Amino acid sequence: MTETTTATTSTKPGTIRILIVDDHPIVREGLAARIARQPELSVCGEAEDVADAMELVKSQRPDLVIVDLSLKSGQGIDLIKRIKAKAPETKMIVSSMYDESLYAERALRAGAMGYINKQEMSEKMIDGIRQVLEGKIYLSPQMTERLLQRAVGAAPQLIQSPIESLSDRELEIFKMIGKGMTTRQIANDLHLSMKTVETHRENIKSKLDVANSAELSRAAVQWVMENGA
């Protein structure tokens, strides 16, 4: 394990085991302290990237994993999918700064059962954890209403933004473009061929209606700046 990947040895016996995956040590520390104050909950490990998180899922067998969408290496959506495939009994809840309207539904499709914005984390995380552990979905009232209206076909007037039309992989690549990564760097980071990345870039340009790579880069940089991605 890396220095910042730890399995907690002081887990309280008989408690629900929680793994925290976040690339910010202060966030992990704050979450761990809050969870430790709950008599029925314990933190069994902490990780900052996908590979280390999967190692801890295998070795610690957590009951629930708290996942940030932006990690030191890899992406939270991919981690959720991998945990769902390898440990389907493990419940997951997302803690992220990203816009719930853009990412919550993607997280649920990937296998998570809850989504909490980090700005509200201190107030809502424990309630969210308990609700997800009961097998219920935890979202903001606004997002819950939006999904319910969509499910019953009561909101056909809702206009999907161009960004929402991107697939999970396309959104991931769009964000990486906005961070200044080249096609080769993106391919290496995502373990894809450069041709595949180029195909995704072309699809993104088409969906966002941008004319060329320069416009795509400007749009991506602006989106990253506005969303703190």
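Side-chain atoms are counted along with the backbone in the values below, which use heavy atoms only and exclude waters and symmetry mates. Everything numeric in this text was worked out from a predicted model, so none of it was measured.
Note that CD1 of I18 and CG of L64 are 5.5 Å apart. Values are rounded to the nearest 0.5 Å. The CG atom of L102 lies 6.0 Å from the CD atom of E164; values are rounded to the nearest 0.5 Å. Going from atom CD1 of I35 over to atom CD1 of I20 covers 4.0 Å, rounded to the nearest 0.5 Å. Note: S70 OG to K179 NZ = 4.0 Å, rounded to the nearest 0.5 Å. Atom CD1 of residue I129 and atom CG of residue D63 lie 11.5 Å apart, to the nearest 0.5 angstrom. Separating the OG1 atom in T183 from the CZ atom in R201 is a distance of 4.0 Å, to the nearest 0.5 Å.
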Determine whether R82 and M54 satisfy the following criterion, side chain to side chain contact (heavy atoms under 4.5 Å, CB included), listing intermediate values before the conclusion. CA-CA 8 Å; R82 291 179 63 178; M54 289 305 299; 3.8 Å; yes
Apply side chain to side chain contact (heavy atoms under 4.5 Å, CB included) to the pair N117 and K124, showing each step before the final yes or no. CA-CA 9 Å; N117 190 287; K124 299 184 177 181; over 6 Å; no
Checking side chain to side chain contact (heavy atoms under 4.5 Å, CB included) for the pair F174/V224: CA distance, chi angles, key distance, verdict? CA-CA 9 Å; F174 182 66; V224 166; over 6 Å; no
Take D68 and K118 through the test salt bridge (charged side-chain N to carboxylate O under 4.0 Å, His left out) and record every step on the way to the result. CA-CA 9 Å; D68 189 5; K118 282 188 174 181; 3.0 Å; yes
Could you please spell out the steps behind the side chain to side chain contact (heavy atoms under 4.5 Å, CB included) verdict for I66 and D22? CA-CA 8 Å; I66 300 171; D22 195 294; over 6 Å; no
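Take V221 and apply the side chain to side chain contact (heavy atoms under 4.5 Å, CB included) test, not counting sequence neighbours, and it matches M225. For S96, there are no side-chain hydrogen bond (donor to acceptor under 3.5 Å, both in side chains) partners at least two apart in sequence or on another chain. Take N203 and apply the side chain to side chain contact (heavy atoms under 4.5 Å, CB included) test, not counting sequence neighbours, and it matches E170, T199. Not a single ring pair (Phe, Tyr, Trp, His ring centres under 6.0 Å) links Y115 to another residue, sequence neighbours left out.
Judged by distance alone, with hydrogens and angles left aside, the side-chain atoms of R17 form a donor-acceptor pair with the main-chain N or O of Q60 at under 3.5 Å. Distance alone, capped at 3.5 Å, is enough to place a donor-acceptor pair between the Q185 side chain and the T182 backbone. When atom types are taken as modelled, the side chain of Q38 and the backbone of I126 share no donor-acceptor pair closer than 3.5 angstrom. At least one donor-acceptor pair closer than 3.5 Å links the side chain of K207 to the backbone N or O of S165.
Classification of K205 and E202 as a salt-bridged pair holds, one side-chain N sitting under 4.0 Å from a carboxylate O.
Contact check for L171 versus R106: side-chain heavy atoms found under the 4.5 Å cut-off. For the pair M92/I83, a side-chain contact is recorded, criterion being any heavy-atom separation below 4.5 Å from C-beta on. At a threshold of 4.5 Å between non-hydrogen side-chain atoms, the residues R61 and T90 do not count as touching. Side-chain contact check for L133 versus L41: some heavy-atom pair is nearer than 4.5 Å. Taking 4.5 Å as the limit, some side-chain heavy atom of V27 sits within range of a side-chain heavy atom of M121. Annotation: side chain of Y103 is not in contact with side chain of V94 (no heavy-atom distance under 4.5 Å). Side chains of L108 and L139 form a contact here, defined as non-hydrogen atoms less than 4.5 Å apart.
Annotation: D209, atom CG; neighbour count of heavy atoms from other residues, nucleotides and ligands within 6.0 Å does not exceed 12. By the 6.0 Å contact criterion, NZ on K84 is open, its count of non-hydrogen atoms from other residues, nucleotides or ligands being 12 or less. With a 6.0 Å radius and a threshold of 12 heavy atoms from other residues, nucleotides or ligands, E134 has its CD atom above the threshold.
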Do any side-chain atoms of residues 189-197 form donor-acceptor pairs under 3.5 angstrom with protein atoms, and if so which ones, sequence neighbours left out?
unit_1	atom_1	unit_2	atom_2	d
S193	OG	T196	N	3.0
S193	OG	T196	OG1	2.8

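Considering all non-hydrogen atoms of both residues, V65 and P62 come closest at CG2-CG, 3.8 Å. I177 approaches A220 most closely through the heavy-atom pair CG2-CB, 3.8 Å.
Counting only N and O atoms by type, the side chains of K175 and Y98 include a donor and acceptor under 3.5 Å apart. Looking at E100 and S140, their side chains do bring a donor and an acceptor atom within 3.5 Å of each other.
Screening residues 212-225 for salt bridge (Lys or Arg N to Asp or Glu O under 4.0 Å), with sequence neighbours left out, gives no hits.
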